[in-house]
Protein chains: 2
Amino acid sequence: MAGEPMDEYEYIADCQTRLGLDVLSGTWTGVVLWSLQHGPLRPGELRERIGGISHKVLTETLRRLERDGLVVRRRYAEAPPRVEYELTPPGRGMLEPLAALGRWTERYADEVLDTRDRAPGER
Amino acid sequence: MAGEPMDEYEYIADCQTRLGLDVLSGTWTGVVLWSLQHGPLRPGELRERIGGISHKVLTETLRRLERDGLVVRRRYAEAPPRVEYELTPPGRGMLEPLAALGRWTERYADEVLDTRDRAPGER
DNA sequence: CAGTATCCTCCGAGATACTG
DNA sequence: CAGTATCTCGGAGGATACTG
């Protein structure tokens, strides 16, 4: 873990990282996974917790995650019918990379935002 | 560290993850950072190692990374002039999340690709 | 070789309205 | 409430040609 961190990264081929990045692509994908970490949620609940995501985009994001097998859709034949989304093992496995991203942000957010604001032309 | 992984994630606010995802956004951003892990490279070398990235997009990606302070541009007044890009501390800090993503892929790639291929409508 | 400037295409994301 | 169908818009990414 400590010592020579660089060596630890070495064995991972470039293409290995790419699939992960690809699966995470999309503005809301990571946030949706993150929001599901504590258990299944209904789409409405997801929208509340996330905030700012449109109905359509949430559906699209969930479809992609479902297609890639990171999430399962559960439909309960009640009255009224209920729908829930839940993380699969691959989906739960993505929580660690996301947590690493969170730790990175916690540590460097100020610095990054500062650098970004000073950038010529702004954003 | 072990035991209750879920609790470990808990303290990270949603917005914390988002900046990291935002910085990593862009098809090639992660790959570029990853390619710089062993030291500074010239743009030409970067293109060789990465493969498939266009001249323009590489430049744009590097500009964004520079703006966010993950990379520095070094220009050497030689003849002919030489340019190199190098990771900054925040940039090097991003290697761990990327490595986590690589480990995820190593573990779940087959499963994901399989699920994806079986998906109706393909992609 | 590094960088910029156009031009073009395509997809992601938002808004809105409609169907089960 | 969940999901789909349109429409629009902007930005990302590719190709190409031109400038230091």
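A note on names: the letters A, B, ... follow the listed sequences, proteins ahead of strands, and every chain is numbered from 1.
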Which is more 5' along DNA chain D, the nucleotide nearest A:R42 or the one nearest B:T27? Just name the residue.
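Its nearest nucleotide lies further toward 5', so the answer is A:R42.
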Separation of [N] [atom2] from [X] [atom1] (nearest whole Å):
| X | N | atom1 | atom2 | value |
| --- | --- | --- | --- | --- |
| A:R64 | C:dG12 | CZ | P | 7 Å |
| B:D22 | C:dG12 | CG | C1' | 15 Å |
| A:L62 | D:dT4 | CG | P | 11 Å |
| A:E84 | D:dA2 | CD | C1' | 13 Å |
| A:I53 | D:dA2 | CD1 | P | 13 Å |
| A:E60 | D:dG3 | CD | C1' | 11 Å |
| A:Y85 | D:dA2 | OH | P | 9 Å |
| B:E48 | C:dC1 | CD | C1' | 12 Å |

At what distance, to the nearest 0.5 angstrom, does OH of B:Y85 lie from CG of B:L70?
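The OH atom of B:Y85 sits 14.0 Å away from the CG atom of B:L70.
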Could you tell me the Watson-Crick or G-U partner of D:dG11, where both distances fall under 3.5 Å? Say none if there is no partner.
C:dC10
Does D:dG20 pair with anything, Watson-Crick or G-U wobble, both distances under 3.5 Å, and if so, with which nucleotide?
C:dC1
Verify side chain to side chain contact (heavy atoms under 4.5 Å, CB included) between B:W28 and A:R18, making sure each step is shown before the conclusion.
CA-CA 9 Å; B:W28 302 97; A:R18 297 199 199 181; 3.7 Å; yes
Report yes if at least one side-chain N or O of A:R75 is closer than 4.0 Å to OP1 or OP2 of D:dA2; otherwise report no.
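For D:dA2, OP1/OP2 do not have a side-chain N/O of A:R75 under 4.0 Å.
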Between A:Y76 and D:dA2, is there a contact of a side-chain N or O with OP1 or OP2 at under 4.0 Å?
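So the side-chain polar atoms of A:Y76 never come under 4.0 Å of the phosphate oxygens OP1 or OP2 of D:dA2.
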Side chain of A:H55, heavy atoms from C-beta onward: which of D:dG13, C:dA2, D:dG3 has the nearest atom to it?
D:dG3
Report the nucleotide, chosen from D:dG14, C:dA13, D:dT4, that has the shortest atom-to-atom distance to any side-chain atom of A:W28.
C:dA13
Which part of the nucleic acid does B:R63 contact within heavy-atom distance under 4.0 Å: base, sugar-phosphate only, or nothing?
sugar-phosphate
Just checking A:R73: base, sugar-phosphate only, or nothing, at a heavy-atom cut-off of under 4.0 Å?
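Answer is sugar-phosphate: A:R73 comes under 4.0 Å of backbone atoms only.
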If you count the non-hydrogen atoms of other residues, nucleotides and ligands that lie under 6.0 Å from CZ in B:R73, is the total more than 12?
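Counting neighbours around CZ of B:R73, more than 12 heavy atoms of other residues, nucleotides or ligands fall under 6.0 Å, so yes.
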Decide yes or no, distance alone: a donor-acceptor N/O pair under 3.5 angstrom between the base of D:dA5 and the side-chain of A:K56.
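For A:K56, whose side chain was compared with the base of D:dA5, there is no donor-acceptor pair (under 3.5 Å).
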Apply side chain to side chain contact (heavy atoms under 4.5 Å, CB included) to B:L33 and B:V71, showing your working.
CA-CA 8 Å; B:L33 289 173; B:V71 145; 4.3 Å; yes
Would you find a donor on one side and an acceptor on the other, under 3.5 Å apart, between the side chain of A:R64 and the backbone of A:S25?
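Checked: pair present.
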